[in-house]
Amino acid sequence: MHTASAPGKVYLFGEHAVVYGEPAIPCAVERRATVTVEERSDGRLRVDAQDLHIEGFTVEYGETGPAVDAPKAVLEAATEYVDGAIAQVRDAADAPGAGFDVTIESDIPLGAGLGSSAAVVVASIAAATSELGVELDPREVAERAYQVELNVQDGQASRADTFCSAMGGAVRVEGDDCRTIDAPDLPFVIGFDGGSGDTGKLVAGVRELREQYDFAADTVAAIGDVVREGETLLAESQGGATVDDDVLTELGQLMNFDHGLLEALGVSSRSLDDMVWTAREAGAHGAKLTGAGGGGCIVALDRSDGTETALSYEAACQEVFRAELAHEGVRLE
Ligand code: PMV
């Protein structure tokens with residue numbers, strides 16, 4: 001039996017614009033998906049996902065696919081991604097007939113901009129390959145996990161989530177160019193409205209606006225400028241060290257700018273905006289939506305308790321938590 005875990009992430013800057021070749025900076029956060037895998041002798045795959053922030057269920061299936069009555073999104077979350085991960089594992093270990101019992105636990109809200117599916121895929125690949133005696137380095141896990149996301153999401157996936165989850169820390173993604181970057185420990189506060197957005201629809205909406213209006217294309221390009229500015233700021237501050245307030249203030253200002261541009265592109269929502277404003281009024285250095293938008297999570301920077309307390313009283317916010325930068329990406333437990 002082998003267990004691996006992998007972190008979720010927030011976008012410090014750059015979601016949506018990354019789809020058009022601009023850079024983005026996601027940061028791994030200490031909310032993890034943990035996957036335990038045990039090889040089965042009959043070549044079948046059994047997935048147990050009781051704790052995915054969705055109604056618990058167990059599904060057992062072999063070559064004929066899953067036989068269970070559950071919403072497609074729920075099934076996808078627990079089976080299509082895991083199925084894809086196991087296909088990668090069989091390929092990596094040259095073991096086409098390998099079967100597994102897979103148990104997934106996760107404290108990452110599902111489909112809410114925190115990279116839950118990437119974390120599950122990354123942890124599944126690491127756990128199942130080591131169950132077969134194969135050690136993959138995190139970059140290879142990231143590459144294989146990306147292929148899974150690409151496949152499940154019909155060719156619509158950036159490398160950001162999977163690379164960040166596998167490597168940990170802060171990363172910079174620009175097209176196929178993925179690197180880890182130094183970043184200080186940032187005081188992230190995450191607000192979750194209890195919902196999620198439809199990534200495909202939101203991405204398509206931005207694409208249409210961008211084609212229709214030059215100023216929408218300029219807005220996307222401006223997000224790229226915000227990211228480059230933020231990158232310079234991170235490079236100047238000392239990675240790993242406690243960040244000083246001036247840097248937090250400027251990072252927060254850039255986050256606010258980024259949120260405004262995303263709002264203009266139509267990917268925010270009333271609940272996300274309410275949480276963003278509550279965070280700002282409570283003294284956060286900055287706040288923005290994270291991920292595709294439309295609902296889900298915001299991320300704010302605040303070292304004090306102010307934002308956490310204010311969000312806990314905010315009607316639009318169902319859950320609020322602090323999340324440290326996860327320096328470690330995928331790891332065997
Ligand atoms: O909501 P998430 O965490 O899947 O992030 C989506 C980020 C987008 O830039 C909108 C799309 C992408 O694939 O990069």
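Both ligands and their constituent atoms are indexed starting at 1 by order of listing. Throughout, numbering of the chain's residues begins at 1 and tracks the sequence.
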Under 3.5 Å: donor-acceptor pair, side chain of Glu131, backbone of His2: yes

Element-labelled atoms of ligand 1 that are located less than 4.0 Å from some non-hydrogen atom of Lys9: 3 (O)

Given Asp101, which partner from the list Arg46, Arg40, Arg44 fulfils the side chain to side chain donor-acceptor pair (under 3.5 Å) test? Arg40

Considering only non-hydrogen protein atoms, determine which one is nearest to atom 6 (C) of ligand 1 and report residue, atom name and distance to 0.1 Å. Ala292 N, 3.6 Å

Which of the ligand 1 atoms, numbered from 1, are nearer than 4.0 Å to a heavy atom of Glu15: 9 (O)

For His16, counting its heavy atoms only, list the atoms of ligand 1 lying under 4.0 Å from any of them. 8 (C), 9 (O), 10 (C)

Checking a contact table here: which protein heavy atom is nearest atom 7 (C) of ligand 1, and how many Å away? Tyr11 OH, 3.7 Å

Indicate yes or no: does Glu328 engage Arg32 in a salt bridge with an N to O separation below 4.0 Å. no

State whether a side-chain donor-acceptor pair under 3.5 Å links Thr36 with Thr3. yes

For atom 13 (O) of ligand 1, which candidate among Gly294, Ser158, Gly296 holds the nearest heavy atom? Ser158

Heavy atom under 4.0 Å from ligand 1: found in Asp161's side chain, backbone, both, or neither? side chain

Taking only Lys NZ, Arg NE, NH1 and NH2, and the carboxylate oxygens of Asp or Glu, determine whether Arg31 and Glu319 approach each other closer than 4.0 Å. yes

With respect to Gly291, determine whether any N or O atom, backbone or side chain, lies less than 3.5 Å from an N or O atom of ligand 1. no

Residues Glu174, Arg179: salt bridge by 4.0 Å N-O rule: no

Any Gly113 heavy atom less than 4.0 Å from ligand 1: yes

Relative to the heavy atoms of Val18, which atoms of ligand 1 are at a distance of less than 4.0 Å? 9 (O), 14 (O)

Answer yes when Glu140 and Arg144 have at least one side-chain N-carboxylate O distance shorter than 4.0 Å, and no when they do not. yes

Do the side chains of Asp273 and Arg270 get close enough for a salt bridge, i.e. N-O under 4.0 angstrom? no

To the nearest 0.1 Å, how far is atom 11 (C) of ligand 1 from its closest protein heavy atom, and which atom is that? Val19 CG2, 3.9 Å

